[in-house]
> 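Here's a structure for you.
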Amino acid sequence: MSSSSIQNNQLQQWKDDAIASPGFSEFLQETLALTKRLFIQLQRRPSTLAAGIIQPLMWLILFGALFQNVPQGLFGDSINYGQFIGAGIIVFTAFGGALNAGLPVMFDREFGFLNRLLVAPLVSRFSIVIASALFIAAMSLVQTAAIVGLSALLGAGLPNLAGLGLMVAIILMLVLGVTAFSLGLAFALPGHIELIAVIFVTNLPLLFASTALVPLSFMPRWLSIVASLNPLSYAIEPIRYLYLHNDWSFSNIVMQAPWGDISMGVSLMLLTAFCGGALALTYPLINRRIA
């Protein structure tokens, strides 16, 4: 028997052993390794992170300056427009980053690296998906911290500690749902051109058809109905309420939709339903593609 045959048999035996006896520690190890790979890519291209932080900060400064002479009280209880728009910029930045989550996977697909991962003896191929979600979540939290810090310096104040914790939970829920949707598109669409087209078509309409820039009361009725159906609004309004009220509870009204008042608890439930729905819709597609 040749040495190459022996090596192939040993390799096959190693693969069979790895698949036959999977464990949580092995799954965690491969997930962390794939996540580390994404951070290494970021380290080699730090301009990606710099641009992801600078752009929302520019929005915050420029929009805040543009509407700084707006009469107080025009945007509810906000001290200034910067305080009002801060929540919108936080949510839209996290949304934009999560929507782009499918691009690295798509490029891995096109360059052949994804095929190498799929034939590797992984405990679970979903570690590829989870690694992307962890990376995007970390990026979103860094961007959120930068926006919250600058907002505080510009006079918008800070939510209390419990409010900051709830804000993080809201961002993570939104990022998880949108990341699942983006990864599903990465496996469903034929190439990165189509994925980029979907991102461009989706981004701005969802921004303007939400409460990120103006309250529902400023919109025509048809647009306020659309904004009330937009999942981004159910992330923006609770965060905005946390900025304006240190004394809050899940029963507080955070949005007055055309069909009724929406409390903090209901808003979080709807956001959780969106996240769960996105995962439920994309799981079969991703599972089929990486099986």
> So if you build clusters from Ile, Leu, Val, Met, Phe, Trp, Tyr with side-chain heavy-atom gaps below 4.5 Å, do V201 and L204 land together?
no
> Which residues pass the ring pair (Phe, Tyr, Trp, His ring centres under 6.0 Å) test with F274, not counting sequence neighbours?
none
> Quick one: does any side-chain atom of S182 pair with a main-chain N or O of G102 as donor and acceptor, under 3.5 Å?
yes
> Taking CG in L153 as the centre, count heavy atoms belonging to other residues, nucleotides or ligands within less than 6.0 Å. Is the count above 12?
yes
> Examine L268 and L279 and state if one hydrophobic cluster contains both, with Ile, Leu, Val, Met, Phe, Trp and Tyr joined whenever side-chain heavy atoms are less than 4.5 Å apart.
no
> Could you check if a side-chain atom of V91 sits within less than 4.5 angstrom of a side-chain atom of I239, using non-hydrogen atoms only?
yes
> What distance separates L271 CG from S233 OG, expressed to the nearest 0.5 Å?
11.0 Å
> Establish, from distance only, whether the side-chain atoms of E237 and T211 form a donor-acceptor pair under 3.5 Å.
yes
> Are L281 and L183 connected, step by step, through hydrophobic side chains (Ile, Leu, Val, Met, Phe, Trp, Tyr) whose heavy atoms are closer than 4.5 Å?
no
> Donor-acceptor pair, distance only, cut-off 3.5 Å: does the side chain of S132 make one with the backbone of I128?
yes
> Distance-only, no hydrogens or angles: does the N230 side chain make a donor-acceptor pair with backbone N or O of A209 under 3.5 Å?
yes
> Just so I know, are the side chains of Y234 and M255 near enough to count as touching, which here means a heavy-atom distance under 4.5 Å?
yes
> Give a yes or no on this: more than 12 heavy atoms of other residues, nucleotides or ligands lie within 6.0 Å of atom CH2 of W222.
no
> How far does CD1 of I147 sit from CD of Q55, to the nearest 0.5 angstrom?
10.0 Å
> Is there a side-chain contact between F181 and L99, using heavy atoms and a 4.5 Å cut-off?
yes
> Using the rule that Ile, Leu, Val, Met, Phe, Trp and Tyr join whenever any side-chain heavy atoms are under 4.5 Å apart, tell me whether L207 and L62 fall into a single cluster.
no
> Write down the atom of R221, the atom of P258, and the distance for their closest heavy-atom approach.
NH1-CB, 3.9 Å
> Just verifying a value: how many Å separate T31 OG1 and I130 CD1, rounded to the nearest 0.5 Å?
5.5 Å
> Identify, with sequence neighbours excluded, every residue that meets ring pair (Phe, Tyr, Trp, His ring centres under 6.0 Å) alongside F208.
none
> Through direct or indirect side-chain contacts below 4.5 angstrom among Ile, Leu, Val, Met, Phe, Trp and Tyr, which residues connect to V168?
L141, L172
> Less than 4.5 Å apart, side chain to side chain, heavy atoms only: is that true for V266 and F250?
no
> Are L232 and L176 linked, directly or through other ILVMFWY residues, by side chains that come within less than 4.5 angstrom of each other?
no
> Is there a side-chain contact between L216 and Q256 in this structure, where contact means two heavy atoms from C-beta onward sitting under 4.5 Å apart?
no
> How many angstroms lie between atom CD of E26 and atom OG of S127, to the nearest 0.5 angstrom?
12.0 Å
> Assess whether atom CZ of F39 is packed by more than 12 heavy atoms of other residues, nucleotides or ligands within 6.0 Å.
yes
> Provide the closest heavy-atom pair for A180 versus T282 in the form atom of the first, atom of the second, distance.
O-CG2, 3.3 Å
> Checking Y241 now: which residues fulfil ring pair (Phe, Tyr, Trp, His ring centres under 6.0 Å) with it, not counting sequence neighbours?
H245
> Would you say that P238 contacts S267 through its side chain, given a criterion of any heavy-atom pair below 4.5 Å between the two side chains?
yes
> Would you check if the side chain of D261 reaches a backbone N or O of A257 as a donor-acceptor pair within less than 3.5 Å?
no
> Is there side-chain contact between L242 and L166, with at least one heavy-atom pair below 4.5 Å?
yes
> Show me the pairs that pass ring-ring contact (aromatic ring centres under 6.0 Å, His included) and involve residues 96-117, at least two apart or across chains.
F107-H192
> Surrounding CD of Q29 (heavy atoms of other residues, nucleotides or ligands, distance under 6.0 Å), is the total greater than 12?
no
> Can you tell me how far OG of S151 sits from CD1 of I61, rounded to the nearest 0.5 angstrom?
9.5 Å
> Donor-acceptor pair, distance only, cut-off 3.5 Å: does the side chain of N252 make one with the backbone of S249?
yes
> If I take atom OG from residue S210 and atom CG from residue L223, how far apart are they, to the nearest 0.5 angstrom?
9.0 Å
> Please name the residue in the list I236, L213, N203 that meets the side chain to side chain contact (heavy atoms under 4.5 Å, CB included) test with F92.
N203
> With sequence neighbours excluded, tell me which residues meet side chain to side chain contact (heavy atoms under 4.5 Å, CB included) with A98.
I136, V175, V178, T179
> Using the side chain to side chain contact (heavy atoms under 4.5 Å, CB included) definition, which of the options M139, M58, Q143 pairs with I53?
Q143
> Check whether F187 forms a cation-pi arrangement with R109 (NZ or CZ under 6.0 Å from the six-membered ring centre, at most 45° off the ring normal).
no
> Stepwise, does the side chain to side chain contact (heavy atoms under 4.5 Å, CB included) test hold for N160 with L164?
CA-CA 6 Å; N160 58 25; L164 287 174; over 6 Å; no
> Find out whether L57 and I54 are in side-chain contact, i.e. whether some heavy atom of one side chain is under 4.5 Å from a heavy atom of the other.
no
